[in-house]
Amino acid sequence: SDRRIEYADLLSPISRRPGPWTYWRFRPGPRPPNTETWERTDEIESALKRRLADPDHAVRAFVLRRIVREDLPLAVGSLSDWLRDESNPNHVAAILGALSSLPFADRRPLLEDCLRNHTCSTENRLEALSQLSKGLDGASAGRLLPLARDLEDGPVLAAVFAEFATRTSIDADALLLAKLDSQDANVRAAAVRALTSRESSSIRNHLGDLLDDPDIDVLRATVSAAGVFGIHDRADRVLELASFQDEELRRACLETLARLDDSRAVDIAADGLSNDVTRLAGLSYLERFGGPEQLADVVEVSESSLDAELQTAATRALAAWSDRSNADERDKLRQAIGRIQGRSGAPTLWYVTKPVTSAAADPVTSRWLSQMPSDITTADTLTAATPQIAVGADAQIMLAPSQNVDETVWLAAADVFVDAEMDVEFLASSDGTLAVWLNDNRLFKREAVTEFRPDSDRFEARLAAGW
């Protein structure tokens with residue numbers, strides 16, 4: 001067998017000749033396969049294909065790797081026969097890797113055979129499922145249903161159920177419901193998630209019992225489903241589960257309790273701010289049900305990271321509390337928001353006007369330069385603005401479309417507070433003209449109309465301590 005391997009190693013690169021020379025760059029990658037046939041090409045390729053039926057499976061695996069490396073044609077029949085007899089998981093992985101280069105119609109039966117073969121390793125069966133899933137279109141996806149019925153309960157069937165979660169055209173609800181009683185926890189959890197994603201109301205009557213399941217992953221899936229389907233009569237159980245130490249379960253509980261409009265988990269949400277997994281769910285919950293009593297907790301978590309999503313969630317929570325707080329509390333909340341925005345360098349809470357005419361914009365600008373936009377009441381319709389949370393890592397604000405050709409000016413302002421004087425660089429962009437003020441000083445003005453390019457306008461300024 002060693003000699004046959006040596007012959008294959010020598011023959012495979014010379015089965016074809018190099019193509020026209022091309023520049024390989026200064027640091028070329030691996031040698032590309034040769035592309036030009038010659039008078040011995042057919043003979044060499046036939047000899048290599050015969051070795052795919054070699055009595056020694058190690059020789060087969062070596063030859064297959066060389067065929068793939070040199071991009072030589074493969075015989076599906078020889079791979080099919082070999083796959084049925086192969087028990088070595090490394091060799092099966094090599095076969096599956098080689099199959100990925102063949103037309104899907106040719107390899108589909110082999111992939112299905114591998115999936116049904118419980119003697120194959122789980123990793124290889126999941127790889128076969130991955131290739132099969134990528135090749136199936138809407139018309140052929142139904143093949144997954146009879147395939148799932150042939151599979152034993154385990155991680156492979158759970159992975160097929162994950163396909164059912166997104167392929168809602170497959171009539172899989174009956175099978176998924178039947179597997180809610182599976183002895184395999186992975187299958188039960190996957191069935192719950194699939195039925196939830198498919199918005200199948202047939203699972204509603206099962207969720208109450210599943211909330212007492214002994215497996216933690218099943219509990220996570222069921223808690224999320226209870227929120228989606230509004231299982232209010234088991235809110236007490238969800239609140240109980242929110243005290244468990246499993247972080248993913250606590251996150252699911254907070255999200256579901258918010259969906260169920262249950263305000264009893266404020267302390268649990270506040271405690272969850274110290275954990276990376278539950279932090280965002282906790283902030284979202286506190287946005288609805290918390291208040292200035294949790295201000296210190298939210299400020300502390302905002303100082304722990306400059307992550308854009310975290311900063312936005314913290315600012316959104318404080319802004320929501322402002323709408324239901326008294327004057328003293330609003331002052332504290334405004335200062336906290338200003339500090340968060342000054343520290344992060346990306347203001348997320350903006351006060352944005354509707355589009356106005358150029359003539360109307362001047363008095364609004366004058367008013368804003370002398371008074372914080374957050375202080376202007378909505379009763380003052382001329383100069384009042386609507387709070388808006390910027391989105392994305394670039395903190396973009398979306399302006400309302402203009403209904404009048406004369407209303408071509410939008411104004412937006414944000415409160416920023418810094419503890420000490422500092423030099424900063426501003427990054428901005430707009431597909432129209434742009435002017436920027438810092439307090440009553442105009443820092444930048446661009447009168448030319450340009451296309452939108454992120455951070456295309458850059459200018460420097462010095463921020464004084466305070467607002």
> Is atom CD of Q245 surrounded by more than 12 heavy atoms (other residues, nucleotides or ligands) closer than 6.0 Å?
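No, the 6.0 Å shell around CD holds no more than 12 heavy atoms from other groups.
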> Among side-chain atoms of S133 and R167, is any donor-acceptor pair under 3.5 angstrom?
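Result is yes, a qualifying pair exists.
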> Check D419 with R343, please: is the shortest side-chain N to carboxylate O separation under 4.0 Å?
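Salt bridge flag = no for D419 with R343.
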> Check R125 with E152, please: is the shortest side-chain N to carboxylate O separation under 4.0 Å?
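Here E152 pairs with R125 in a salt bridge, since their nearest N and O are under 4.0 Å apart.
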> Is there a side-chain contact between F459 and L427 (heavy atoms, below 4.5 Å)?
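No, every pair of side-chain atoms sits at 4.5 Å or beyond.
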> Can you name the residues that form a ring pair (Phe, Tyr, Trp, His ring centres under 6.0 Å) with F244, not counting sequence neighbours?
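Once residues adjacent in sequence are excluded, F244 has no partner under the ring pair (Phe, Tyr, Trp, His ring centres under 6.0 Å) criterion.
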> Checking R446 side chain against L434 main chain: does a donor-acceptor pair fall under 3.5 Å?
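No: the side chain of R446 does not pair with the backbone of L434.
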> Counting N and O atoms only, with roles assigned by atom type, does the side chain of Q294 sit under 3.5 Å from a partner on the main chain of G291, one being a donor and the other an acceptor?
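Judged by distance alone, yes, a pair lies under 3.5 Å.
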> What orientation do W82 and H57 show, parallel under 30°, tilted 30 to 60°, or perpendicular over 60°?
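Aromatic pair W82/H57 classed perpendicular.
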> Please round to the nearest 0.5 Å and tell me the distance separating atom CG of L273 and atom CD1 of I268.
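So the gap between those two atoms works out to 12.5 Å.
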> Can T119 and N117 be counted as having a side-chain donor-acceptor contact under 3.5 angstrom?
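A pair is found: one side chain offers a donor N or O, the other an acceptor, under 3.5 Å apart.
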> Any side-chain to backbone donor/acceptor pair from S197 onto A165? Under 3.5 Å, distance only.
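Absent.
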> Any idea which heavy atoms bring I337 and A319 closest together, and the distance?
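Taking I337 first and A319 second, the nearest heavy atoms are CD1-N, 3.9 Å.
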> In Å, rounded to the nearest 0.5 Å, how long is the span from CG of L99 to OG of S101?
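One finds 7.5 Å between CG of L99 and OG of S101.
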> List in chain and number order the residues that pass ring pair (Phe, Tyr, Trp, His ring centres under 6.0 Å) with F229, two or more places apart in sequence or in another chain; answer none if no residue qualifies.
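Checked F229 against ring pair (Phe, Tyr, Trp, His ring centres under 6.0 Å); zero matches.
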> Keeping the roles fixed (side chain from Q311, backbone from S305), state whether a donor-acceptor pair exists under 3.5 Å.
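Checking the backbone N and O of S305 against the side chain of Q311, a donor-acceptor pair under 3.5 Å is found.
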> Return the set of residues passing side chain to side chain donor-acceptor pair (under 3.5 Å) with E240 (not counting sequence neighbours), or none when no residue passes.
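Residues passing side chain to side chain donor-acceptor pair (under 3.5 Å) with E240: R237.
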> Test side-chain hydrogen bond (donor to acceptor under 3.5 Å, both in side chains) on R84 and S80 and set out the steps.
CA-CA 6 Å; R84 292 190 184 96; S80 177; 2.9 Å; yes
> Closest heavy-atom contact between A361 and V409?
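Looking at all heavy atoms of both residues, the closest pair is CB-CG1, 3.7 Å.
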> If only atom types and distance count, is the side chain of T256 paired as donor or acceptor with the main-chain N or O of C253 below 3.5 Å?
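No, T256 side chain to C253 backbone: no donor-acceptor pair under 3.5 Å.
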> Would you check if the side chain of N404 reaches a backbone N or O of D406 as a donor-acceptor pair within less than 3.5 Å?
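At least one qualifying donor-acceptor pair exists.
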> Can S429 and D457 be counted as having a side-chain donor-acceptor contact under 3.5 angstrom?
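The answer is no; no qualifying pair exists.
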> Between T365 and D362, is there a side-chain donor-acceptor contact under 3.5 Å, judged purely by atom types and distance?
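Per modelled atom types, D362 and T365 side chains form no pair under 3.5 Å.
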> Tell me whether the NZ or CZ atom of R334 lies within the 45° cone about the ring axis of W467 and under 6.0 Å from its centre.
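Judged by the rule (NZ or CZ under 6.0 Å from the ring centre, within 45° of its axis), R334 counts as positioned above W467.
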> Evaluate the side-chain proximity of L349 to Q341: yes if any heavy-atom separation is below 4.5 Å, no if none is.
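Of all side-chain heavy-atom pairs linking L349 with Q341, at least one is under 4.5 Å.
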> Can you tell me if Y285 uses its side chain to pair, donor with acceptor, with the backbone of A265 under 3.5 Å?
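Yes, the answer is positive, given that a donor and an acceptor are paired below the 3.5 Å cut-off.
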> How about T315 and T348: does a side-chain donor come under 3.5 Å of a side-chain acceptor?
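Yes, T348 and T315 have a side-chain donor paired with an acceptor closer than 3.5 Å.
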> L175 versus F161: any side-chain heavy-atom pair under 4.5 Å?
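A side-chain contact under 4.5 Å exists here.
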> Just so I know, are the side chains of L110 and I95 near enough to count as touching, which here means a heavy-atom distance under 4.5 Å?
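No - every pair of side-chain heavy atoms lies 4.5 Å or more apart.
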> Could you check whether E248 pairs with R251 (Lys NZ or Arg NE/NH1/NH2 to Asp/Glu carboxylate O, under 4.0 Å)?
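A salt bridge is present here (some side-chain N lies under 4.0 Å from a carboxylate O).
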> Rounded to the nearest 0.5 Å, what separation is found between the OG atom of S274 and the CG atom of D297?
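Those atoms lie 9.0 Å apart.
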> With a 4.5 Å limit on heavy-atom distance, are the side chains of I216 and D246 in contact?
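Yes - at least one pair of side-chain heavy atoms lies under 4.5 Å apart.
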> Distance from C120 atom SG to L83 atom CG, nearest 0.5 Å?
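Those atoms lie 6.0 Å apart.
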> Mind checking whether Q335 and F417 have side chains closer than 4.5 Å, heavy atoms only?
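Heavy-atom side-chain distance check passes, below 4.5 Å.
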> Is the shortest side-chain N to carboxylate O distance from R188 to D215 below 4.0 Å?
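Looking at D215 together with R188, the answer is no, because their closest N to O distance does not fall below 4.0 Å.
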> Can you tell me if E451 has over 12 outside heavy atoms packed within less than 6.0 Å of its CD?
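Counting other residues, nucleotides and ligands, CD of E451 stays at 12 neighbours or fewer.
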> Look at E86 together with R60 and state whether they make a salt bridge at an N to O cut-off of under 4.0 Å.
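So E86 does not pair with R60 through a salt bridge.
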> Determine whether a donor-acceptor pair (N or O, by modelled atom type, separation under 3.5 Å) exists between the side chain of S344 and the backbone of I340.
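Checked: pair present.
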> Is any side-chain N of the basic residue among R193 and D217 closer than 4.0 Å to the acidic one's carboxylate O?
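Salt bridge between R193 and D217, a charged N being under 4.0 Å from a carboxylate O: yes.
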> Whether the S200 and D173 side chains hold a donor-acceptor pair (N or O, under 3.5 Å, no angle test) is what I'd like checked.
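Short answer, yes.
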> Check whether any side-chain heavy atom of K179 lies under 4.5 Å from a side-chain heavy atom of L157, and answer yes or no.
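Yes. Closest side-chain heavy atoms under 4.5 Å.
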> Any carboxylate oxygen within less than 4.0 angstrom of a Lys/Arg side-chain nitrogen, looking at D212 and R234?
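Salt bridge: yes.
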> Tell me whether R288 is salt-bridged to D261, with the criterion being a basic N under 4.0 Å from an acidic carboxylate O.
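Salt bridge present between R288 and D261.
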> CZ/R453 to CG/D431 distance, rounded to the nearest 0.5 angstrom?
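Answer for the CZ-CG pair, R453 versus D431, is 12.0 Å.
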> Can you tell me if S100 uses its side chain to pair, donor with acceptor, with the backbone of G97 under 3.5 Å?
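Pair found, side chain donor or acceptor close to backbone of G97.
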> Report yes if the side chains of L64 and L74 come closer than 4.5 Å at any heavy-atom pair, otherwise no.
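Yes, close enough: below the 4.5 Å cut-off.
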> How many angstroms lie between atom CD of Q131 and atom CG of L115, to the nearest 0.5 angstrom?
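One finds 10.0 Å between CD of Q131 and CG of L115.
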> For N124 and P89, indicate whether the former's side chain and the latter's backbone hold a donor-acceptor pair under 3.5 Å.
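Confirmed, N124 side chain pairs with P89 backbone.
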> Should the pair D236-R264 be classified as a salt bridge under the 4.0 Å nitrogen-to-oxygen rule?
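Result for this pair is yes, salt bridge flagged.
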> Is it the case that atom NE2 in H118 sees more than 12 heavy atoms from other parts of the structure closer than 6.0 Å?
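Check fails, neighbour count at 12 or below.
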> Minimum heavy-atom separation for A464 to V418, with atom names?
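Taking every non-hydrogen atom into account, O-CG2, 3.3 Å.
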> Counting only heavy atoms not in D267, do more than 12 sit closer than 6.0 Å to its CG atom?
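Open: at most 12 neighbouring heavy atoms sit under 6.0 Å from CG of D267.
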> E303 pairs by side chain to side chain contact (heavy atoms under 4.5 Å, CB included) with which of V299, L306, V301?
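Going through the options one by one, the only one that passes is V299.
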> Indicate yes or no: does E112 engage R108 in a salt bridge with an N to O separation below 4.0 Å.
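Answer for the salt bridge query: yes.
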